[in-house]
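Data block below; observations after.
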Amino acid sequence: MGFLDLPNVISEGDLVMVRLGKSQFKPVTMQSGETLHTRYGSYPHNDMIGKPYGSQIPAMGDKGFVHVLAPTPELWTLSLPHRTQIVYTPDASYIVQRLEIRPGSKVIEAGTGSGSFTHALGRTVGTSGDVWTFEFHEVRWEAAKVELEQHGYKDIVHSFYRDVCSDGFQPASGVHAVFLDLPKPWLAIPSLPQYLELGGISRICCFSPCVEQVIETIKTLKECSWTQIETVEVSCREWIVRKEMRRTLEDVLKRQESFRERRSAIQQRKRKLEELEKQDDDDDSSVVGSPPNKDDIPYVDLYNPWGKGERIVKGDDRFQWDIFSAGERDIKSHTSFLTFAVLAPAPPKMKT
Amino acid sequence: MGFLDLPNVISEGDLVMVRLGKSQFKPVTMQSGETLHTRYGSYPHNDMIGKPYGSQIPAMGDKGFVHVLAPTPELWTLSLPHRTQIVYTPDASYIVQRLEIRPGSKVIEAGTGSGSFTHALGRTVGTSGDVWTFEFHEVRWEAAKVELEQHGYKDIVHSFYRDVCSDGFQPASGVHAVFLDLPKPWLAIPSLPQYLELGGISRICCFSPCVEQVIETIKTLKECSWTQIETVEVSCREWIVRKEMRRTLEDVLKRQESFRERRSAIQQRKRKLEELEKQDDDDDSSVVGSPPNKDDIPYVDLYNPWGKGERIVKGDDRFQWDIFSAGERDIKSHTSFLTFAVLAPAPPKMKT
Amino acid sequence: MGAIIKPDAHLILYLPSGNHKIVKVSPGRKVPLGKFGSFDADQILGHPFGLTYEIDNQGCLTVVDSLDSVVDEATWTDSEDNRMLVDDPDSQKMTMDEIETLKKDKQLTGQEIVAKVIESHSAFNKKTAFSQEKYIQRKAQKFLKRFRTQSIGSNELMEYYNAKDPARIMDLRMETLGLMLSLANVQPGGTYLIVDGVSSLVVCAVLERLGPEGQLVLLHENEMVNLEPLQLMGIDLVSDPRVKPVSFLKFLHPEEFRAELEFATAPPPQEQLDQLKTSQRNRTLRRYRKAVQYKNIVDLRNSHSFDALLIATTLQVSGLVQALIPFVHGSRSIVVYHPCKEPLVDLEENITRPDNRLIATQILESAVRPYQSVPGRFHPHMSLERGGGYILHCLRAYPTAVQAQGRR
Amino acid sequence: MGAIIKPDAHLILYLPSGNHKIVKVSPGRKVPLGKFGSFDADQILGHPFGLTYEIDNQGCLTVVDSLDSVVDEATWTDSEDNRMLVDDPDSQKMTMDEIETLKKDKQLTGQEIVAKVIESHSAFNKKTAFSQEKYIQRKAQKFLKRFRTQSIGSNELMEYYNAKDPARIMDLRMETLGLMLSLANVQPGGTYLIVDGVSSLVVCAVLERLGPEGQLVLLHENEMVNLEPLQLMGIDLVSDPRVKPVSFLKFLHPEEFRAELEFATAPPPQEQLDQLKTSQRNRTLRRYRKAVQYKNIVDLRNSHSFDALLIATTLQVSGLVQALIPFVHGSRSIVVYHPCKEPLVDLEENITRPDNRLIATQILESAVRPYQSVPGRFHPHMSLERGGGYILHCLRAYPTAVQAQGRR
């Protein structure tokens, strides 16, 4: 099954995204007889094949479980090792929307990189569209090409091992949208027009991490008659919802009252002891009843509204809880600058 | 009374910040007999003099009111016309904290601009500190100088009409912190060391709106042996709290039920009318009782959970309300880049 | 060849001021442009979209390169800084009346007027190159009679509502709409369940990605669905066979509409139809077609296999999501948009996290920050409209019968 | 002359790795630096703060220019792009053992080791200049034995807690702390009311701005105030006469402590003291001094004229602010920090907006975004710790007796 098939039930040979942790996904190809071994237990493929996608699968003889998910370009992106150059979903989704990529669109991508954005492009153009993708790093090109074919994009995505800056974008033609993720996009921009759709609007996005690259790119886009040039950054924050115990001023005051009571009880006892000692000194025989005991401190129950000293599970209903949301601790603050531009079609003869 | 005096009660001659609207503040100098006329009514100064700062003052024979507030650098900044170049509070407060400006600090500022940041610097260094501020625009220099003196900074802030790029920072000396808000800070940086504190750490902040300026500034700072160079942006969002009516799915369903009842009631009546018409046609004499009336539609009370068609004040307790917060609509997204650096003291002879 | 402007098409025209206008271009008709006058629609019919035109005083169009560039290179001297510039409202020596005369009597073009206005500014060479450029741009926006044509899709619709009344699209913005579509894995041929309280913007955007085979069920909260407003912009949702509107009541409680569903099982017998008057027969046939469409929706519903649920509404989202969980297929996405974080925090805390039919919940806030890209003055825009709101995303799961305990 | 390092001073030492370490430098003592070894404190006593030192293998210090610059200019060739670079863990030919030998036996300096490590990287010239620089920096952070000295103030304290346990300062950051101080108009000579649940960070920052004449009342929620931890960093809050700690109970309910307040009205009569044993007399005098300090705080309280109220606590802030409103002078600020927006939204909705003793409420979120400033590669840092939380700010007002109605 390819990414584009929207399958309902897991079959032999399917690529399944196994969800191991919060955002930990492992791509696994189903082969009956095989077993997936993880830190969270072992899972025979036979326990997954035939189940609907989305099923929770219990570990073999263990308490753990995983979910078996259908692959999407977004899950695939999450499963990639982080060190690879990746166009993440917030950027990728914005670029597709802004470049107006649709079913049937013809798109150029250079370089292919990890191929993660290529998946998203292929999903959107569908079987009636084309994505020509170019990569100058041979190992990376090979890896992405193989994956894209395995994932069912064979007829949609056309992969080339090529330096587009020197060698152009053949055999792309009739292209609506161009995405350039290159160290020097300005070297590739001048050759573009011959590959674009005749008499149509073409859109471009150049993906560059540094300001200096952006400035050079904008200069070249202007020289090559691209208009509506705009550079933007996309940022995306995740918000984490959590419970916090409510601690009120009233409780503070009651607690401090109880500290005070305890202190005054201790002082009273101390005074009593001192008095008794004094009497002891004065007249040994006058002691009536039993002498005060060291452990005889009048017990004052400290007001403990927040369970200090106890182990408390969040949400424990002996306490009040507030719901807070906080931004994730480490924010992907900057991925790249996205420089967009539009090339107008050639003007027709004017009627006057 | 100057800004630094923290006065409690309004006196003749005081500069009072009159709060007219949400963030609309008008500086007014108290003169008995005078009257402040605003869109929200008229306010004789005599109604304000003798009142404690913070008082609500009712309009003369009117329903309006204002609050009379003590001036602070922050309120003063808010009262300035927006077109002037201003270092706003989020930037200003960060710069003061990061440059470690304290009571007694000696600070250079160039240019003075509207003088709004000068107020904040003067507040923090206090009477034991010094701020030397330089401005090359004569009219602006004059205006800021007069205001700063009127506001009680005479002994703290020293204003000069000067182009520091060509003419330096005399008579500043023993300076701990430098703030440069100049089109070309790199022209002023090389002359700085002679004005700085001997054997101490000096800190600088250069305030530049464009990346190109920042890049040039960083280059010069490096050449001049400044270290710990870091460029940052400060952004500040205001959040607006508002109430929204809760509209639940249950209410939608009840409402759609009542539409349905109304429709079926109308249809029933229609069918009845048709039947009657038919009977009419068949046998005119068989009509029994009165004929159905057009206005006789069985009334179905439409379920109206959200007061459609009524005028509802937010918080009306016939309805449920949720509390939402939303970012203000227009965000000051970028003021300037702040480039910070530190100049280490000259190394002493090493003991070996 | 790219698409061309066909007779009676709806277009959006972008103006130098940054404003835009939606118009219909019909053969032989004039297209009004407010204070810019008007032009004959015939002049642009058959042209590709995306061209920029200048209107002369006779209403004739010429294709130009850009909406707001004036002269190739400024030939004025500038100042290093603005130390010599004194604020003076009198530095512009030309009055509005004089400018009107230039326009009306001298028949100058927008370009020529801008040049005249700059010439007559007494302190222009005391401004910095930066201020000069800003001044020219402001005047260009005011006097240039130009426009750019564009067909209307979800991006243009969003821009239109954002300028007109952002509340009608709940402040939804391009980065967030794009993210919704990606997270929902919208693709050609899919089947989607949608709650759209944003003037059908989500519906439009999904349709753009759907191809001819896809379909969407649109849940609405009123008596009748309201798809007409978009007709005025040339977007026909009413007769698009891929759009299947249904009320919440009829979707959630088909058991209350058994009669209609039974009616749909077979066409009304011909002999029965023959007995009816024409008007009654048409009514019966219409009722039958509607019932079939409804049955079709209920069949989709009962298959519990929508390829995603997309929600953007001012209704309380917690109850909504809870009611709609069963209809989403396993491993498919639920994506909920809201301009404020609070309803989504409530949704996560009370519905998606406690319910083991939903996994991998996350609340995301995406925002775009545009830069000014004038050469030599690269910096983020000084002011910015507020961000694009929040998205809650989670995936539908099938829990095992015996609930596994432990992690997560 | 700037401040110098005095005997027994506390310092923060910054290391090339970006980490830091708080140490005390005492004459004749060694200062330990973990895997970097140690050095004699005497070598830096009497020096100004802010210098950067390199430690040689004998523990001798030399002043150097920077924590992490290695060689003036890279002399290696680089590659235009990384198309020739294949991921290969074996491209570094030198083993950790070999490096250890260089360090221990050959007595190479950190600089020399970094140079050797680069030399032995087989694919170094296939990297782009960018990757080369990153590689060198990583190695510099690992092998350079350098540190920079700095005295400890609120900024360093914040950095220390931020690295160690940000929860102890409730994720408070410099931009937000600075904004609190400005909005509260903290200035020399002022009198401030403070609730500090952030390890005394707000107290420290206010003290830095207070000058010798100012003072602050610190409300605490425990049995005793806990100011000792900062002693370990050389910040003495315990004996600072400007710091006046008091429990919430004693501040809000002085009527329950009449005996103590009366005790403070006059010193215990000498004849009475003379009758007591020495220990009892000292106890009585101590009790008297504490009572006087308490009476002093109650007098400040009763004047209702604090120059600002600053709050940073995990206690529910709504009740807190409501209880403390009366003590703030008119036109002065109330500033409340919280890392999450929810408690401040609650505070605005339920306390500050409905109560006409408070005006001009705003909730602000300030955030700093740092840039990488390597020449030719200017861009915002790729990753970033989360933002600085939220501030609610409002002003204390005195409403007129007859409540004016209408606007606002």
Side-chain angles (χ1 to χ4, degrees), chain A residues 4 6 8 19 40 52-56 58 63-65 67 69-70 72 74 89-90 92-94 96-98 100 102-103 120 123-124 126-128 197-201 211 214-215 218-219 225 227 229-239 241 323 325 342 344-345 347-348 350-352, chain C residues 1-3 42-43 47-52 60-63 65-66 153 155 174-175 177-179 181-183 185 187-190 208-209 211 305 307 329-332 341 345 348-349 359-360 362-371 373 375 378 395-400 404-407:
Chain A
L4 281 163
L6 295 173
N8 287 342
R19 180 172 186 252
Y40 313 108
Y53 279 98
S55 295
Q56 188 184 39
K63 276 182 184 164
F65 64 85
H67 282 98
L69 302 175
T72 65
E74 286 67 37
T89 299
S93 57
Y94 180 70
V96 169
Q97 182 67 16
R98 181 151 178 176
E100 303 198 355
R102 313 261 165 97
R123 169 196 40 209
T124 302
T127 47
S128 59
E197 187 191 32
L198 262 177
I201 300 176
V211 167
V214 172
I215 290 172
I218 291 175
K219 212 179 115 215
S225 299
T227 58
I229 298 169
E230 188 183 52
T231 302
V232 308
E233 269 185 285
V234 178
S235 64
C236 189
R237 273 217 268 195
E238 183 175 350
W239 290 89
V241 179
I323 311 296
S325 58
V342 171
M350 294 300 293
K351 299 164 196 166
T352 43
Chain C
M1 280 295 294
D42 294 337
Q43 292 186 88
H47 283 200
F49 292 96
L51 292 173
T52 305
C60 284
L61 303 185
T62 338
V63 173
D65 282 344
S66 132
N155 288 343
M174 204 198 289
E175 59 272 31
L177 180 59
L179 189 54
L181 299 172
S182 285
L183 292 176
N185 197 26
Q187 65 179 59
E208 283 173 357
R209 305 270 181 110
S305 65
D307 287 318
H329 190 275
S331 191
R332 308 301 200 264
K341 185 159 40 110
V345 170
E348 171 164 352
E349 180 61 27
I359 59 171
Q362 49 177 193
I363 296 177
L364 299 174
E365 178 190 15
S366 189
V368 155
R369 189 179 202 210
Y371 283 71
S373 53
F378 190 75
L395 294 169
R396 172 81 158 97
Y398 301 121
T400 46
Q405 292 293 327
R407 331 168 269 118

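We name chains A, B, ... by the order of the sequence lines, and we start the count at 1 in each one. Treat the numbers as computed from the prediction; the structure is a model and nothing was measured. Just the heavy atoms: all of them, side chains too, but no hydrogens, waters or symmetry mates, feed the values below.
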(request) Find the distance between CD (C:E365) and OG (A:S325) and round it off to the nearest 0.5 Å. (result) 10.0 Å
(request) Quick one: which of A:I201, A:T124, A:V342 has the most heavy-atom pairs under 4.5 Å with chain C, could you say? (result) A:I201
(request) Name the region of A:T227, side chain, backbone, both or neither, that has any atom closer than 4.5 Å to a heavy atom of chain C. (result) side chain
(request) Give, as side chain, backbone, both or neither, the part of A:A120 having an atom under 4.5 angstrom from any heavy atom of chain C. (result) neither
(message) Which atoms of C:L395 are under 4.5 Å from chain A, going by heavy atoms: the side chain, the backbone, both sets, or neither?
(response) side chain
(message) For C:F49, which atoms come within 4.5 Å of any heavy atom of chain A: side chain, backbone, both, or neither?
(response) both
(request) Look up atom OH in A:Y53 and atom NE2 in C:H329, then write down how far apart they are to the nearest 0.5 Å. (result) 10.0 Å
(message) Which one wins on heavy-atom pair count under 4.5 Å against chain C: A:L69, A:T231, A:L4, A:V214?
(response) A:T231
(request) Check C:P48 against A:G199 and note the closest heavy-atom contact, atom names and distance. (result) CB-O, 3.2 Å
(message) Has C:R332 got a side-chain atom pairing as donor or acceptor with A:L6's backbone, closer than 3.5 angstrom?
(response) yes
(message) Tell me the closest heavy-atom pair linking A:V232 and C:P370, and the distance in Å.
(response) CG1-CA, 3.9 Å
(message) Nearest 0.5 angstrom please: C:Q187 CD to A:R123 CZ, how far?
(response) 7.0 Å
(request) Kindly give the heavy-atom pair with the smallest separation between C:S373 and A:I229, and that separation in Å. (result) OG-O, 3.9 Å
(message) As an exercise: rank A:R102, A:K219, A:E100, A:E230 by heavy-atom pairs under 4.5 Å with chain C and give me the winner.
(response) A:R102
(request) Would you check if C:S331 and A:T72 make a side-chain contact, meaning some heavy-atom pair closer than 4.5 Å? (result) no
(message) With a 4.5 angstrom heavy-atom cut-off, is it the side chain or the backbone of C:E348 that approaches chain A, or both, or neither?
(response) side chain
(message) Looking at C:T400, is its backbone amide N or carbonyl O close enough to the side chain of A:Q56 to form a donor-acceptor pair, meaning the two atoms are under 3.5 Å apart?
(response) yes
(request) Determine whether A:E74 and C:S182 make a side-chain contact, defined as any pair of heavy atoms from C-beta on separated by less than 4.5 Å. (result) yes
(request) To the nearest 0.5 angstrom, please state how far the CG atom of C:L364 sits from the CZ atom of A:R237. (result) 12.0 Å
(message) Checking the side chain of C:D65 only, and the main-chain atoms of A:S225 only, is there a donor and an acceptor separated by less than 3.5 Å?
(response) no
(message) To the closest 0.5 Å, what do you measure between OG (A:S93) and CD (C:E175)?
(response) 9.0 Å
(request) Select, from A:A344, A:A92, A:P103, A:P90, the one with the greatest count of heavy-atom pairs under 4.5 Å involving chain C. (result) A:P103
(message) Given heavy-atom pairs under 4.5 angstrom as the criterion, report whether the side chain, backbone, both or neither of C:R209 touches chain A.
(response) both
(message) Show the nearest heavy-atom pair for residues A:P347 and C:V63, with the distance to one decimal.
(response) CB-CG1, 3.6 Å
(message) If you compare all heavy atoms of A:R19 against all heavy atoms of C:A360, which two are closest, and at what distance to 0.1 Å?
(response) NH2-CA, 3.5 Å
